[in-house]
Every structure is written in C-alpha cells, then in structure tokens.
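Indexing begins at 1, ligand by ligand and atom by atom, following the structure's order. Heavy atoms only: backbone and side chains are in, while hydrogens, waters and symmetry mates are out.
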Amino acid sequence: MERTFAIIKPDAVERKITGKILEKIEAAGFTIVGMKRILLSKEQAMGFYYVHKERPFYDELCSYMARSPVVVLAIEKANAIADWRELMGATNPADAEEGTLRKEFGISLGENSVHGSDSPESAAYEIPYFFNALELV
Ligand code: UDP
Ligand code: MG
C-alpha cells in the first residue's frame, strides 16, 4: 500500500464538483484515509508550493489556491502516487487524455481542478503539511 496527497482545488470546489471528483477517486480503488475542507492563507499556499518559488507562475498560483476553500485528501492504494497522477491527467487540461479529471473538469493550465504529489518525497512533505497522524485512518 502507498499513500499520496491530493487537493480538490478552488476552481472545482467553487463549481460544486467535489462530489463528482470524490466519486471517481473511490471508483478508481483509492481509500480516502484523510479529508478536510480548508481555506488556505496565501502564506500557507506559498509554503506548500515552495518548490515552485522561482517560477513565474508562483505568485498567481498561490493567490488562486488561497482564493476560496479547497478539499485536501490523503488517499491510499497500491501504486497510489503514479495512479493518482494518471487519473489526474496532464498539468494542462488541453493536453490531458480522455478519461482524466483534468480533461473532464480543468479550466486552464492554472485552474486545473486537482493536485497530486509527484514522488514519494513530495508525498512525505505534503501529507504531514495538512494532516497529523490521528487524522489518517
Ligand atoms: N501552473 C501554472 N502555470 C504553469 C505551470 C503550472 O499556473 O505554467 C500551476 C498549475 O495549477 C499546476 C501547479 O502550478 O497544477 C503546479 O505545477 P506543476 O508543474 O507541479 O504541475 P502538477 O504537478 O500540478 O501537474
Ligand atoms: Mg507538481
């Protein structure tokens, strides 16, 4: 079993498609082991995305992530990290494959509906950024 970290991003929560995305997560065989709806401060978003701090889109990305509530998730299955990236689809919804969440729900390169850890190292940073051990069941 492997755990990864996911976010249902502001564009999706605002459009009330949280339930549709959760349904697809469970249908794909993931167990939701942690979940909460939170409103990030811009500073919290900046800490979460610190790996992108030198990128030109960093400020806009962090403002967007703090614009309205998100749903943060820890999800578990065999090969969870790669399988969740596959279900999400390419970063740019325009490049995402049919059947992926970003293809179905993404609005733009920035507002692409979902986040997923890209490696075991990033999952190990991102899960405890939002959840303590008692919140993962
Ligand atoms: N992003 C953006 N412009 C870009 C690249 C990325 O606004 O040119 C945003 C987008 O929301 C993306 C996030 O920054 O999901 C993190 O970028 P990353 O390259 O890590 O993509 P991801 O891992 O989310 O597919
Ligand atoms: Mg990434």
Side-chain angles (χ1 to χ4, degrees):
M1 280 299 171
E2 186 175 66
R3 284 181 181 178
T4 192
F5 177 73
I7 306 180
I8 303 176
K9 290 180 168 183
D11 69 273
V13 176
E14 286 166 5
R15 286 178 290 146
K16 302 191 186 297
I17 55 174
T18 301
K20 283 186 180 166
I21 293 173
L22 292 175
E23 190 172 0
K24 287 176 186 289
I25 289 172
E26 291 196 311
F30 293 92
T31 299
I32 296 169
V33 295
M35 176 165 68
K36 53 193 170 187
R37 175 181 158 104
I38 57 172
L39 176 60
L40 288 171
S41 68
K42 187 168 179 185
E43 290 68 30
Q44 289 167 334
M46 291 172 83
F48 175 69
Y49 275 125
Y50 80 98
V51 291
H52 292 316
K53 64 181 187 301
E54 309 298 343
R55 309 284 288 278
F57 58 83
Y58 181 61
D59 189 72
E60 189 184 0
L61 171 63
C62 295
S63 295
Y64 152 67
M65 291 298 289
R67 166 175 99 191
S68 61
V70 297
V71 174
V72 293
L73 296 145
I75 57 176
E76 183 176 87
K77 76 188 284 294
N79 204 37
I81 294 171
D83 286 1
W84 173 237
R85 294 288 305 190
E86 190 180 334
L87 181 58
M88 287 200 305
T91 305
N92 189 343
D95 302 329
E97 305 238 1
E98 209 60 55
T100 65
L101 296 171
R102 283 167 164 173
K103 171 75 175 183
E104 184 169 359
F105 300 121
I107 294 171
S108 64
L109 174 58
E111 302 200 13
N112 55 8
S113 303
V114 284
H115 166 85
S117 307
D118 64 6
S119 65
E121 293 71 30
S122 59
Y125 175 76
E126 293 173 358
I127 294 172
Y129 194 86
F130 290 99
F131 294 101
N132 67 47
L134 289 174
E135 295 173 315
L136 300 171
V137 293

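At least one donor-acceptor pair under 3.5 Å links the side chain of Arg102 to the backbone N or O of Val114. Formation of a donor-acceptor pair under 3.5 Å by the Lys36 side chain with backbone atoms of Phe130 is found in this model.
For ligand 1, the polar-atom distance check finds no N/O of Tyr64 at less than 3.5 Å from any of the ligand's N/O atoms. Of the polar atoms of His115, none of the N or O atoms is found under 3.5 Å from an N or O of ligand 1, judged by distance alone.
When non-hydrogen atoms are compared, ligand 1 lies under 4.0 Å from neither the backbone nor the side chain of Arg55. With a heavy-atom cut-off of 4.0 Å, Met65 does not touch ligand 1 at all. With a 4.0 Å heavy-atom cut-off, ligand 1 is reached by the side chain of His52 but not by its N, CA, C or O. Of all the heavy atoms of Leu109, the ones lying under 4.0 Å from any atom of ligand 1 are found in both the backbone and the side chain.
Residue contact annotation: Glu111 has no non-hydrogen atom under 4.0 Å from ligand 1. Heavy-atom distances between Lys9 and ligand 1 reach below 4.0 Å in at least one pair.
For Tyr64 and Tyr49, the ring centers sit 6.0 Å or farther from each other.
Electrostatic pairing of Lys20 and Glu104 does not count as a salt bridge here, judged by no charged N lying under 4.0 Å from a carboxylate O.
Among Leu61, Asp118, Val51, the residue whose heavy atom sits closest to atom 9 (C) of ligand 1 is Leu61.
Tyr50 pairs with exactly one of Tyr125, Tyr58, Tyr129 by the ring-ring contact (aromatic ring centres under 6.0 Å, His included) rule, that one being Tyr125.
Scanning the protein heavy atoms around atom 24 (O) of ligand 1, the nearest turns out to be Arg102 NH2, 3.0 Å. Among all protein heavy atoms, the one lying closest to atom 5 (C) of ligand 1 is Phe57 CE2, 3.4 Å. In terms of protein heavy atoms, atom 7 (O) of ligand 1 is closest to Gly110 CA, 3.4 Å. Protein heavy atom nearest atom 25 (O) of ligand 1, with residue, atom name and distance: Thr91 OG1, 2.5 Å.
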Practice problem: Take Arg67 and Glu111, measure what salt bridge (charged side-chain N to carboxylate O under 4.0 Å, His left out) needs, and give me the verdict at the end. | Solution: CA-CA 12 Å; Arg67 166 175 99 191; Glu111 302 200 13; 2.8 Å; yes

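Using modelled atom types and a 3.5 Å distance limit, the side chains of Thr31 and Lys77 yield no donor-acceptor pair.
Taken to the nearest 0.5 Å, the OG1 atom of Thr91 stands 5.5 Å off from the CZ atom of Arg85. Atoms OG1 and CH2, from Thr4 and Trp84 in turn, are 9.0 Å apart once rounded to the nearest 0.5 Å.
Each of the following atoms of ligand 1 lies closer than 4.0 Å to a heavy atom of Asn112: 10 (C), 11 (O), 12 (C), 15 (O). Counting atoms of ligand 1 from 1 in the listed order, those under 4.0 Å from a heavy atom of Arg85 are 22 (P), 23 (O), 25 (O).
Residues Pro93 and Ser108 come closest through the heavy atom pair CD-O, 3.3 Å.
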